[in-house]
Every structure is written in structure tokens, then in C-alpha cells.
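Please read the structure below before turning to the comments.
Order of the sequence lines fixes the chain letters, A, B, ..., with proteins taken first and strands second; residue numbering starts at 1 for each chain.
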Amino acid sequence: MPWNVSLPPPEWYPHGDRRIEAIVREVLDLDEVATDTETTGLNIVADFPLYWSLAWGERRVCMPATTIPYFRESFADPTKRWIFANAKYDTHMFANVGIDTAGELMCTQVMHSLLYEEESHELKYMEKQLLGWQTRSFKDLFAPKKGETIGERLQRAEREGELDKLIEYATCDAYCTGKIKGILKHQLENEPTFSLYPEQFPNLWHLFFKVEMPFTKVLWKCERQGVKVDCEYLKKIQGPIEEEIKKLERKLNRLAGRLINPQSNPQLREYFYGDLKIKPRTYTKGGKKGVREPSIDGKMLEWVAEQPDNPDAKAAAEVLLRLRDLMKTNGTYIVGMQKRLDQHQRIHTRFNQDVARTGRLSSANPNMQNVKTVEEDEWQVRGAFIADEGKDLIVGDYEQLEMRLLACAAAEPAMIDIFLSNRDIHMGNAALIFGPSYEKKHGWRMSYEDIVEAKSIDKKVKAGKLPDSEMTELVRLCLVARLRAKTIGFGLNYGMKENKLARSLDCTKQEAKDLIDLYLKTLPAVQQFYDSAIEECKATGYSFTLLGRRRFHPEIFSSRLTERWGAERKAVNNNIQGTAADVVKLAMIRCDRERLDLRFGTHMELQVHDELMFENPKETTREAIAVIQDIMEHPLPTNLAVPLTVSIGSGPSWINAK
DNA sequence: CTTCGATGCGCG
DNA sequence: AAAGCGCGCATCGAAG
């Protein structure tokens with residue numbers, strides 16, 4: 001703390017102190033109180049608080065965590081507002097000593113992220129940025145000995161006469177959190193939004209107060225609930241996977257004639273580009289130092305695996321591709337997942353509300369948002385996420401959420417029409433875009449129905465229900481058309497240019513450019529939407545979502561083309577991705593408000609961007625599904641130009657709940 | 001000894 | 001010369 005800052009003196013009340021009774025009464029009368037915990041660690045279900053601090057007015061108070069239950073009445077008050085630097089985490093800690101927080105959770109990290117999305121949202125950073133105070137970090141003040149846990153370090157602090165230091169540190173955090181909240185509230189109130197709903201969200205404070213703040217609690221419940229894991233299943237597949245890994249490692253070493261660590265890219269580079277004399281075709285991005293190395297990624301290995309004239313390289317590439325797949329599955333999911341289970345074999349991911357610049361969630365410890373899909377995963381890891389006994393999993397998926405929102409934002413009549421008539425957007429787009437040109441080229445105008453038919457033939461041929469001869473040239477043309485429309489559609493939302501499109505469609509740059517031109521000429525409102533998003537960004541410096549969440553793009557005027565293009569891409573994408581995030585967020589808040597838990601025994605477990613997962617007692621699954629679907633399909637204050645549709649189903653595991 | 005950048009790869 | 005958005009994790013290996 002700098003010399004010129006005067007904080008109120010810290011107050012310490014040991015367990016059993018008579019004066020605590022007065023504190024309890026005082027806190028009970030407060031509308032808002034800032035709180036911070038000092039805990040045994042960072043695990044949201046296993047760790048617990050050792051000390052806690054409260055701050056209000058010019059008071060800052062520290063007590064042992066054993067006093068938390070004395071404040072039960074305050075915690076039970078649904079109207080009280082608790083201010084935290086990291087609300088979800090601290091309330092987990094309270095829950096871990098048996099105290100649920102009924103009040104509202106105000107999180108300064110989340111508040112900060114709405115204003116300064118590119119900056120750190122840590123308390124220490126905000127203290128410096130907003131208060132101008134440089135406080136010392138926990139690790140600095142309480143450096144742990146080797147192998148010592150945070151909890152052990154804290155207990156040693158008290159034993160070794162460092163209690164004053166601890167009290168000063170702990171109360172300072174709570175006090176600063178309260179002050180920072182005041183500053184951030186003021187700043188949020190002074191930032192108008194460009195929301196579609198200006199009455200509900202005139203400025204960022206409303207966005208925080210009406211959406212993000214209740215959302216924090218929804219996420220807390222998801223994290224708390226966790227997902228049941230079928231441990232037996234994981235163990236069952238672990239054996240064969242590890243066997244195969246060993247076998248493949250031996251094979252790789254045999255091929256190389258020496259020991260190679262398949263997880264060391266430098267070693268692999270030496271082997272493939274040195275020993276095996278593969279000619280580099282692509283290079284890595286090059287980090288800070290800008291050193292671009294020959295790539296050793298999946299694309300490159302797949303290419304090598306198709307070179308018959310270099311049989312050793314071919315074999316090694318095939319082995320390595322397989323090894324990478326197996327090692328990731330085993331390390332991250334089979335072994336990694338089991339380490340994270342609680343005593344009820346449930347996994348508790350953490351949903352981060354303030355990481356993604358677009359307002360999306362991120363998931364960590366473990367990341368439940370990048371588990372392989374059923375189609376891609378021979379080990380069916382998703383099958384290991386199950387419903388508890390007597391329960392179902394319910395999974396609801398938005399269908400083409402981002403494309404629907406694009407159609408609405410752009411007010412593109414052709415796309416809106418496709419959605420209103422409940423057709424597949426990529427098939428519809430393909431027919432619109434390529435139909436006329438195919439007529440010129442092939443004398444046959446490809447229709448929407450042709451593509452539907454082609455897709456169905458393709459499916460049946462792949463399933464062996466129809467002979468290969470059914471895959472006529474026209475069928476192939478239809479499939480290519482759909483794939484192209486899909487790739488371009490998604491690609492443009494990400495700001496893809498002809499260069500990259502040519503590579504992903506395997507065509508020339510000129511062809512790719514013509515395809516993009518044709519696409520945007522056919523859907524002119526989409527082109528206009530992209531243009532106006534960039535214009536808006538140039539006029540304001542920001543891009544905005546439907547509810548008014550914003551993102552700053554200072555590079556929009558950069559003289560460096562790559563930088564400017566980057567800002568343009570992000571501005572366009574933030575409109576779409578961020579609005580989709582808004583929609584799902586509102587749906588989750590409504591699911592919570594509708595008290596599905598009380599009505600059906602429903603508990604929300606996961607969000608995977610456009611997908612929600614619930615655990616539900618079997619007896620009420622049917623009713624719950626109907627209500628959830630209705631909520632998810634009508635998340636906004638008003639209806640949009642196209643309906644948001646949700647496919648929803650239930651089952652015993654993540655695989656068969658769709 | 002820990003930390004951090006780089007790489008590769010999974011999801012929407 | 002290159003130019004696709006948004007994330008997290010495991011791992012290696014260099015740097016502090």
C-alpha cells in the first residue's frame with residue numbers, strides 16, 4: 001500500500017469473541033456487503049474457507065471461517081447483495097462449509113469484463129487500475145515452502161505470528177472489492193448501449209444487473225450440480241487404449257531406429273524433415289520470435305500418409321496420427337477425468353463468465369465444451385457422462401442459431417423465407433446460389449428438393465442400403481453445392497477470404513473469389529449486414545450484440561492491412577457469436593426463474609454454446625422437456641423475424657439424450 | 001525450481 | 001508473405 005493512502009484500521013474477531021454478535025446484527029441490516037475468503041485451495045468442491053473478511057462503509061473485518069454459520073440469517077436473506085471479486089468461487093467455499101447464499105451475487109470480475117474485455121479482471125489488477133493502489137500479492141506475502149498447500153501456509157501464518165499481516169491482507173481485499181464495485185457501477189451507468197431493447201438496457205449497468213448478475217448464480221448452480229460420470233465405462237476402455245498406445249510407440253521407435261517422444265514436436269520435426277527428408281509444405285504460425293517451423297500437424301501427417309513412395313514416412317505418419325488421438329483421449333478424458341471426480345463420481349466443471357470477448361462462456365477444469373462429438377469419437381467418451389439413478393439427461397440444441405440470427409440481423413428475405421418454411425439453410429442457400437448457374441452449365445436447374453433427395457441417397461449409400469451406382473453425377477453436384485454453401489456461409493461469418501476458402505474447398509483462388517461474390521450477390525442483405533457492422537465499428541470503435549454487450553476494436557483504423565482486416569473480422573463475428581451467446585444466456589436465466597427444480601426436479605448441468613443439458617427425474621421428463629423447449633425457443637422479449645427452433649430429447653447418457 | 005510461450009487439437 | 005471467430009488442455013522445452 002502506498003504511503004499516501006489511508007485505509008480504515010482492520011478489525012479482527014477470533015472465534016468466540018463476544019463482539020461478533022454485534023457484527024452479526026450489523027451485517028443483517030446491510031443491503032450490500034463486500035466479502036472475500038481465504039481458503040485451502042482452488043478446488044470448488046473440495047476446498048473450504050479458513051478466514052473470511054467483510055467490508056461495508058469504512059469498516060473492514062476479518063474472522064475465522066468458523067464464524068460463518070453465525071451469519072446464517074444474512075446468508076438466507078434473498079434480498080441481500082453480496083459483493084465479491086470472484087462471486088462463484090467464494091460462494092462455493094461458503095457452500096463447502098454448509099452455507100448457501102440466497103442473496104444476489106455481484107461479481108466485480110464480471111462487471112469489469114463488460115467494460116475492459118481485453119484486460120485482466122483480477123482483483124490485484126483492478127486495485128491498481130481503478131484505485132491506483134499497488135497491493136502485494138498473496139504469493140508475495142505468504143510464499144509457500146516447497147510442497148506446502150495454501151491451507152498449510154495460512155495455518156502456519158497464524159502459528160508463526162503473521163496474523164496481523166494476514167488480517168491486513170484479507171480485509172484489504174474485501175475493502176477494495178467494495179470500493180471497486182462502486183467505481184465500476186458508476187462507469188457501467190455511464191456507458192450507453194446500442195441494444196435492440198433500449199428501454200430494458202439503456203446502459204451497461206442494466207446489462208450487468210438484469211442479465212450477468214442473475215446469470216452468475218445460474219452458473220453457480222450448474223457448477224454445483226456437476227455431471228455424473230460412468231467410471232466403470234472409463235476404466236473399461238482405458239486398458240485397450242493404453243495397450244495400443246504402447247504398441248504404437250514401439251512401432252514408431254522401430255521405424256525411426258531410435259527412441260522418439262511422440263509428444264515432442266522438435267523430435268518429430270527432426271525425424272520427418274531430417275531423417276525422412278520430407279519437404280516442408282506448410283509452416284507453423286511463428287510466435288513472438290516469429291520463428292516459423294515446418295508443421296507437424298494432422299494435415300501434414302495426412303499428406304505424408306498418402307505418399308506411397310516413402311513407405312517409412314507413410315507408416316510413421318499413420319502411427320503418429322493414431323497415437324496423438326489415443327494419447328489425447330486417454331490423458332485428457334480417461335485418466336484426467338477420473339482425477340477430478342468428487343465422492344459421488346460427479347464432475348464439476350467451471351463456467352467462466354468473463355473470459356470470452358464475445359460474451360460466450362468458457363468451461364475449464366475440465367473443459368466440457370470440447371469433448372469429442374459422437375460421430376468423431378470411436379471411444380464414445382460422451383457416453384461416460386450419464387444421468388444419476390432414476391434420472392434422465394435432457395439435451396436441448398438450438399438448430400442453426402447463428403445462421404438464424406444472421407438472417408434476422410441482416411433481414412435477408414431469402415434466408416428468412418428458408419427458415420420460415422422450415423428448410424435446411426445450407427440446402428436452401430445452395431439452391432438459391434448455384435441453381436441458376438448450374439442451369440447454364442448443365443442445362444438442369446438444381447432445386448432445393450434435388451438437394452434433399454441427394455442427401456438422402458448419400459446417407460443410404462453410406463449405410464449400404466443403396467448401391468454405389470445411385471451416386472450419380474447430379475447427386476454429387478448437389479452434395480458439393482450444399483457443402484460449398486455451408487462452408488462459405490460459416491466462413492463469411494468468420495471473415496474468411498478467398499485464400500483460405502480455396503484451401504478448404506480445394507479449388508483455385510479465383511474460383512473461391514467467384515463463389516464468395518456469387519454468394520453475397522445472391523444474398524445482398526447479408527453483404528449489407530457485414531458492411532454495416534464494419535461501418536458501425538468505424539463510427540463508434542465498437543461492435544455490439546443484440547442486448548448491447550460491446551467489444552472494442554481499436555485496430556479498425558490501423559494502417560496495417562492484416563490488423564485492420566482482423567478487426568473487421570472480429571467486429572462482424574462479435575455481432576453474430578455474441579448475440580447467440582446473449583440468446584442462450586437469457587434462456588438459461590429463464591430456465592432458472594421458472595423454477596424447474598421445484599416443479600420437475602430439474603437441474604441444469606451444462607451449456608455447450610448452443611446446447612443445454614439437464615438432469616431430470618424420469619417421472620417428469622416429458623413435462624420438463626416441453627417446458628424447457630418452450631423457454632429455449634422464446635428467450636427474447638420480442639420474437640424475431642424467424643423462429644428459434646430447438647431439438648430436444650432425453651436418455652441415460654449424453655450420447656442418447658438427443 | 002517454477003513459469004510461460006509454442007504447438008497441436010478438440011468443441012461450437 | 002499472409003490474412004477464419006471464440007475458447008481450454010496436455011505437453012515440451014526454454015527462460016527466469
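In this structure, A/Glu376 has no side-chain hydrogen bond (donor to acceptor under 3.5 Å, both in side chains) partners at least two apart in sequence or on a different chain. Judged as a side-chain hydrogen bond (donor to acceptor under 3.5 Å, both in side chains), and not counting sequence neighbours, A/Lys247 has no contacts. Applying the side-chain hydrogen bond (donor to acceptor under 3.5 Å, both in side chains) rule to A/Ser295 yields the partners A/Thr282; only residues at least two apart in sequence or on another chain are considered. Under the side-chain contact (heavy atoms from CB on, under 4.5 Å) criterion, A/Asp506 pairs with no residue at all, not counting sequence neighbours. Scored by the side-chain contact (heavy atoms from CB on, under 4.5 Å) test, A/Val480 finds A/Arg484 as partners (sequence neighbours excluded). Considering only residues two or more places apart in sequence or on other chains, A/Tyr283 meets the ring pair (Phe, Tyr, Trp, His ring centres under 6.0 Å) condition with none of them. With sequence neighbours excluded, no residue satisfies side-chain hydrogen bond (donor to acceptor under 3.5 Å, both in side chains) with A/Asp230.
Sequence order on DNA chain C of the closest nucleotides to A/Asn499 and A/Arg551 puts A/Asn499 first from the 5' end.
Contact annotation for A/Gln263: backbone-only contact, meaning every heavy-atom pair under 4.0 Å involves sugar-phosphate atoms and none involves a base. The residue A/Asn365 sits close only to the backbone: its heavy atoms come under 4.0 Å of sugar-phosphate atoms, none of a base. Residue-level contact check: A/Asn352 touches neither bases nor backbone, having no heavy atom under 4.0 Å from any strand. If you check every strand for non-hydrogen atoms under 4.0 Å, A/Ser363 touches sugar and phosphate atoms only. Across all strands shown, A/Gly491 has heavy atoms under 4.0 Å from base atoms, whether or not it also approaches the sugar-phosphate. Backbone-only engagement by A/Arg503 is indicated by non-hydrogen atom pairs under 4.0 Å involving sugar-phosphate atoms exclusively. Across all strands, A/Val355 comes closer than 4.0 Å only to sugar-phosphate atoms, never to a base (heavy-atom distances).
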query = Please walk me through it: do A/Leu276 and A/Val304 pass side-chain contact (heavy atoms from CB on, under 4.5 Å)?
reply = CA-CA 11 Å; A/Leu276 293 169; A/Val304 174; over 6 Å; no

task = Under the side-chain contact (heavy atoms from CB on, under 4.5 Å) rule, what do A/Gln607 and A/Gln369 come out as? Steps first, then yes or no, please.
result = CA-CA 8 Å; A/Gln607 185 241 58; A/Gln369 294 181 322; 3.2 Å; yes

request  = Kindly determine whether A/Asp325 and A/Lys372 satisfy side-chain contact (heavy atoms from CB on, under 4.5 Å), including the steps that lead there.
outcome  = CA-CA 11 Å; A/Asp325 189 20; A/Lys372 271 197 187 173; 2.4 Å; yes

query = Where each pair must be Watson-Crick or G-U wobble with both distances under 3.5 Å, what dot-bracket representation of DNA chain C is obtained, with crossing pairs in [ ] and other-strand partners as |?
reply = ....||||||||||||

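Classification of the A/Tyr125-A/His112 ring pair by plane angle, with boundaries at 30° and 60°, yields perpendicular.
Along DNA chain C, read 5' to 3', the first and last nucleotides having any atom under 4.0 Å from a heavy atom of chain A are C/dA2 to C/dG13.
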Can you check nucleotides 7-11 of chain B for protein contacts, nitrogen or oxygen pairs under 3.5 Å, and list what you find?
from: B/dT7; atom 1: OP1; to: A/Thr284; atom 2: OG1; distance (Å): 3.0
from: B/dG8; atom 1: OP1; to: A/Ile296; atom 2: N; distance (Å): 2.9
from: B/dG8; atom 1: O3'; to: A/Arg324; atom 2: NH1; distance (Å): 3.3
from: B/dC9; atom 1: OP1; to: A/Gly298; atom 2: N; distance (Å): 3.0
from: B/dC9; atom 1: OP1; to: A/Arg324; atom 2: NH1; distance (Å): 3.1
from: B/dC9; atom 1: OP2; to: A/Gly298; atom 2: N; distance (Å): 3.0
from: B/dC9; atom 1: O2; to: A/Lys328; atom 2: NZ; distance (Å): 2.9
from: B/dG10; atom 1: N2; to: A/Asn370; atom 2: ND2; distance (Å): 3.2
from: B/dG10; atom 1: N3; to: A/Asn370; atom 2: ND2; distance (Å): 3.0
from: B/dC11; atom 1: OP1; to: A/Thr373; atom 2: N; distance (Å): 3.1
from: B/dC11; atom 1: OP1; to: A/Thr373; atom 2: OG1; distance (Å): 3.3

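Using C1' as the reference atom, B/dC9 and C/dA2 are 22 Å apart when rounded to the nearest Å.
Each of A/Phe490, A/Tyr519, A/Phe419 was scored for a ring pair (Phe, Tyr, Trp, His ring centres under 6.0 Å) with A/His426, with one residue passing: A/Phe490. Checked against A/Glu223 for a side-chain contact (heavy atoms from CB on, under 4.5 Å), the options A/His348, A/Lys88, A/Glu605 give a single hit: A/Lys88.
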Side-chain donor/acceptor pairs under 3.5 Å, residues 560-574 of chain A, sequence neighbours excluded:
from: A/Glu563; atom 1: OE1; to: A/Ser558; atom 2: OG; distance (Å): 2.8
from: A/Arg564; atom 1: NH1; to: A/Ser558; atom 2: O; distance (Å): 3.1
from: A/Asn573; atom 1: OD1; to: A/Gln577; atom 2: NE2; distance (Å): 3.3
from: A/Asn573; atom 1: ND2; to: A/Asn493; atom 2: O; distance (Å): 3.3
from: A/Asn574; atom 1: ND2; to: A/Ser543; atom 2: OG; distance (Å): 2.9

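Using a 4.0 Å cut-off on heavy atoms, the residues of residues 552-566 of chain A that approach DNA chain C are A/Thr562, A/Trp565, listed by number.
The separation between A/Gln577 atom CD and B/dG12 atom P is 13 Å, rounded to whole Å.
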